[in-house]
Participant: 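Take a look at the following structure, please.
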Amino acid sequence: MKIPKLVLIGAGPGDPELITLKAVKALKEAAVILYDALVNPELLDYAKPEAELIFVGKRKGCYAYAQDQIHELIVQRAYAKGLVVRLKGGDPFVFGRGSEEQEFALQHKLEVEVIPGISSSMAVPALQNIPLTQRGQAESFWVITGTTRDHSLSDDIKLAAKSNATVIVLMGTAKLDEIVAVFKAEGKHDLPVAIIQNGTRKEERVGIGTVQTIAEVYQNLKLGNPAIIVLGHVVAHRAKLQNLLQEQELSVQV
């Protein structure tokens with residue numbers, strides 16, 4: 001008898017083309033696909049017609065399934081149907097609770113395969129011409145969750161604010177005022193900040209400001225979730241690159 005299997009797949013940041021070939025192959029073979037809220041629904045077109053598609057996403061505290069129920073669903077469907085794909089936005093091990101699902105599956109004697117995905121923490125700034133590292137400006141970057149288990153601001157943000165690193169905050173717009181307060185306390189009122197909503201998707205929107213102004217920019221543009229926050233001198237590099245790109249376009253037209 002073939003061992004029931006779970007495949008944990010990172011669906012990437014939103015653009016359906018930013019998924020690996022290996023992930024697409026697994027989607028085509030799956031008997032069951034459990035997918036999250038941030039997964040582009042176009043990816044489900046890869047599923048075979050008889051595959052069972054189950055939405056298990058979470059949005060703003062609303063749960064289709066609690067995490068314990070997702071664990072049970074994985075095991076039950078794997079033993080009943082064979083190959084279960086757990087399709088998660090970004091990368092399954094970057095704030096995706098993929099390791100918890102992997103552990104539960106292994107404890108219940110499932111074979112488990114992990115197929116990494118492109119994290120929004122890297123892809124979204126890159127496609128807005130924001131490099132996370134840059135010689136002379138940022139020698140490292142932090143990726144921090146804005147929503148901890150107890151819904152408080154992560155202490156890591158306070159540590160990151162003391163450094164010269166680029167800081168990327170995922171799921172953090174609800175705590176934007178708290179985040180900027182931390183950076184202001186370090187005297188970084190003029191540090192450039194970007195907020196990117198629906199990154200890599202057609203409906204992508206961007207707000208650019210500083211620690212001092214970004215909360216007002218966020219409100220004036222009526223930005224919302226899902227969004228990432230990028231704080232660092234590298235954000236200023238975006239304008240330079242965009243000017244060069246515009247000059248290039250004009251020279252081509254001439």
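Because the structure is predicted, anything quoted here is derived from the model rather than measured. Along the sequence shown, the residues carry numbers beginning at 1.
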Participant: So, do Lys184 and Val211 sit near enough that their side-chain heavy atoms are less than 4.5 Å apart?
Facilitator: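 Lys184 reaches Val211 side chain to side chain.
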Participant: Is there a side-chain contact between Lys81 and Glu52 (heavy atoms, below 4.5 Å)?
Facilitator: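 They are in contact (side-chain heavy atoms under 4.5 Å apart), so the answer is yes.
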Participant: Is Leu44 close to Leu87 at the side-chain level, that is, under 4.5 Å between some pair of heavy atoms?
Facilitator: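 In short, these two side chains touch, coming nearer than 4.5 Å.
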Participant: Should Glu101 and Lys88 count as an ion pair when the cut-off is N to O under 4.0 Å?
Facilitator: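 Yes.
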Participant: Between the main-chain N or O of Phe104 and the side-chain N or O of His108, is there a donor-acceptor pair closer than 3.5 Å?
Facilitator: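 Checked: pair present.
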Participant: State, yes or no, whether a side-chain contact exists between Phe93 and Val114 at a heavy-atom distance under 4.5 Å.
Facilitator: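 Phe93 reaches Val114 side chain to side chain.
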Participant: Okay, side chain of Asn198, backbone of Glu204: is any donor-acceptor separation there less than 3.5 Å?
Facilitator: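 No, because the side chain of Asn198 does not come within donor-acceptor range (under 3.5 Å) of the backbone of Glu204.
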Participant: Can you name the nearest heavy-atom pair linking Phe141 to Thr133, along with the distance?
Facilitator: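 Between these two residues, the closest heavy atoms are CD2-CG2, 3.8 Å.
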Participant: Please answer: with hydrophobic residues joined when any side-chain heavy atoms are less than 4.5 Å apart, are Val182 and Ile195 in the same cluster?
Facilitator: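 Yes; tracing contacts between hydrophobic side chains, which count when under 4.5 Å, links both residues.
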Participant: Please answer whether the main-chain N or O of Gly90 pairs with a side-chain N or O of Ser119 as donor and acceptor at a distance below 3.5 Å.
Facilitator: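 Not a single qualifying donor-acceptor pair exists.
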Participant: Is the shortest side-chain heavy-atom distance between Ile179 and Ile229 below 4.5 Å?
Facilitator: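 Yes - at least one pair of side-chain heavy atoms lies under 4.5 Å apart.
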Participant: Kindly list each side-chain donor-acceptor pair under 3.5 angstrom involving residues 10-23, sequence neighbours excluded, with atom names and distances?
Facilitator:
unit_1 : atom_1 : unit_2 : atom_2 : d
Asp15  : OD1    : Glu17  : N      : 2.9
Thr20  : OG1    : Ala23  : N      : 3.1

Participant: Name the one of Val230, Thr210, Asn129 that satisfies side chain to side chain contact (heavy atoms under 4.5 Å, CB included) with Val235?
Facilitator: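 For Val235, the side chain to side chain contact (heavy atoms under 4.5 Å, CB included) test succeeds with only one of Val230, Thr210, Asn129, which is Val230.
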Participant: Strictly by modelled atom types, are Gln134 and His237 linked by a side-chain donor-acceptor pair under 3.5 Å?
Facilitator: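 Gln134 vs His237: donor-acceptor pair found between side chains.
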Participant: Can you name the nearest heavy-atom pair linking Gly117 to Asp91, along with the distance?
Facilitator: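 So the two residues come closest at N-OD1, 3.0 Å.
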Participant: Hey, are the side chains of Ile208 and Val206 touching, using non-hydrogen atoms and a 4.5 Å cut-off?
Facilitator: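 Result yes, sub-4.5 Å side-chain heavy-atom pair found.
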Participant: Is there a path of hydrophobic side-chain contacts, each under 4.5 Å between heavy atoms, that joins Leu127 and Ile168?
Facilitator: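 No; tracing contacts between hydrophobic side chains, which count when under 4.5 Å, never links both residues.
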Participant: Quick one: which of Asp156, Leu132, Leu170 gives a side chain to side chain contact (heavy atoms under 4.5 Å, CB included) with Val143?
Facilitator: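 The option that passes is Leu170.
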Participant: Does a side-chain heavy-atom distance below 4.5 Å link Arg86 with Ile74?
Facilitator: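 Of all side-chain heavy-atom pairs linking Ile74 with Arg86, at least one is under 4.5 Å.
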Participant: State, with a plain yes or no, whether a side-chain heavy atom of Ile9 is found less than 4.5 Å away from one of Leu27.
Facilitator: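 When only atoms from C-beta onward are counted, Leu27 and Ile9 do touch, with a gap below 4.5 Å.
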Participant: Drop me the distance from Glu113's CD to Gln102's CD, to the nearest 0.5 angstrom.
Facilitator: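 CD of Gln102 is found 11.0 Å from CD of Glu113.
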Participant: What verdict does the side chain to side chain contact (heavy atoms under 4.5 Å, CB included) test give for Val169 and Ile228, after you've listed the backbone C-alpha separation in whole Å, the side-chain angles of each residue and the deciding distance to 0.1 Å?
Facilitator: CA-CA 6 Å; Val169 184; Ile228 73 167; over 6 Å; no
Participant: May I ask whether Val94 and Tyr35 are part of the same hydrophobic cluster, defined by side-chain heavy atoms of I, L, V, M, F, W, Y residues being less than 4.5 angstrom apart, directly or through others?
Facilitator: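 The answer is no; the residues belong to distinct hydrophobic clusters.
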Participant: Quick check on the hydrophobic clustering: are Leu38 and Ile196 connected, directly or via other members, by side-chain heavy-atom contacts under 4.5 Å?
Facilitator: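 Looking at the clustering, Ile196 is in a separate group from Leu38.
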Participant: Where the side chain of Ser140 meets the backbone of Ala165, is there a donor-acceptor pair that is under 3.5 Å apart?
Facilitator: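 No: the side chain of Ser140 does not pair with the backbone of Ala165.
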Participant: Measure the CD1-OH distance between Ile70 and Tyr65 for me, rounded to the nearest 0.5 Å.
Facilitator: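 Ile70 CD1 to Tyr65 OH: 9.0 Å, rounded to 0.5 Å.
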Participant: How close do Phe55 and Asp36 get, counting heavy atoms only, and between which atoms?
Facilitator: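 Here Phe55 and Asp36 meet closest at CE1-C, 3.9 Å.
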Participant: Mark yes when over 12 heavy atoms from residues, nucleotides or ligands other than Lys25 sit less than 6.0 Å from its NZ; otherwise mark no.
Facilitator: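 Open.
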Participant: Treat each ILVMFWY residue as a node, draw an edge where side-chain heavy atoms are under 4.5 Å apart, and state whether Ile130 and Met122 are in one component.
Facilitator: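 Yes, Ile130 and Met122 fall within the same hydrophobic cluster.
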Participant: Over all heavy atoms of both residues, which pair between Ala30 and Ala51 is shortest? Give the atoms and the distance, please.
Facilitator: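 Looking at all heavy atoms of both residues, the closest pair is O-CB, 3.6 Å.
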Participant: With no hydrogens and no angle check, is any side-chain donor or acceptor of Lys175 less than 3.5 Å from a backbone partner on Ser154?
Facilitator: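 No, Lys175 side chain to Ser154 backbone: no donor-acceptor pair under 3.5 Å.
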Participant: State whether the side chain of Glu216 and the backbone N or O of Thr213 hold a donor-acceptor pair below 3.5 Å, judged by distance alone.
Facilitator: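 Checking the backbone N and O of Thr213 against the side chain of Glu216, no donor-acceptor pair under 3.5 Å is found.
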Participant: Heavy atoms only: give me the nearest Val234-Ala138 pair and the separation to one decimal.
Facilitator: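 For Val234 and Ala138, the tightest heavy-atom pair comes out as CG1-CB, 4.0 Å.
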Participant: Kindly say whether Ser152 contributes a backbone atom to a donor-acceptor pair with the side chain of Thr148 at under 3.5 angstrom?
Facilitator: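 Checked: pair present.
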Participant: Should Ile144 and Val167 be marked as a side chain to side chain contact (heavy atoms under 4.5 Å, CB included) after you check the CA-CA gap, both sets of side-chain angles, and the distance that decides it?
Facilitator: CA-CA 7 Å; Ile144 306 173; Val167 181; 4.0 Å; yes
Participant: Work out which heavy atom in Val39 is nearest to a heavy atom in Arg201; give both atom names and the distance.
Facilitator: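 Looking at all heavy atoms of both residues, the closest pair is C-NH2, 3.9 Å.
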Participant: Can you check whether Leu221's main-chain N or O pairs, donor with acceptor, with Arg205's side chain at less than 3.5 Å?
Facilitator: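 Present.
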Participant: Once side chain to side chain donor-acceptor pair (under 3.5 Å) is applied, do any residues pair with Thr200, and if so which ones, sequence neighbours excluded?
Facilitator: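 Testing Thr200 for side chain to side chain donor-acceptor pair (under 3.5 Å), a comparison that skips the adjacent residues, returns none.
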Participant: Using the side chain to side chain contact (heavy atoms under 4.5 Å, CB included) rule, take Ile54 and Leu73 through it: C-alpha gap first, then chi angles, then the decisive distance, then the call.
Facilitator: CA-CA 10 Å; Ile54 305 175; Leu73 200 57; 4.0 Å; yes
Participant: List the steps, then state whether side chain to side chain contact (heavy atoms under 4.5 Å, CB included) holds for Trp142 with Ser163.
Facilitator: CA-CA 10 Å; Trp142 295 60; Ser163 75; 3.7 Å; yes
Participant: With distance as the sole criterion, is a donor-acceptor pair present between the side chains of Gln197 and Glu203 under 3.5 Å?
Facilitator: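 No.
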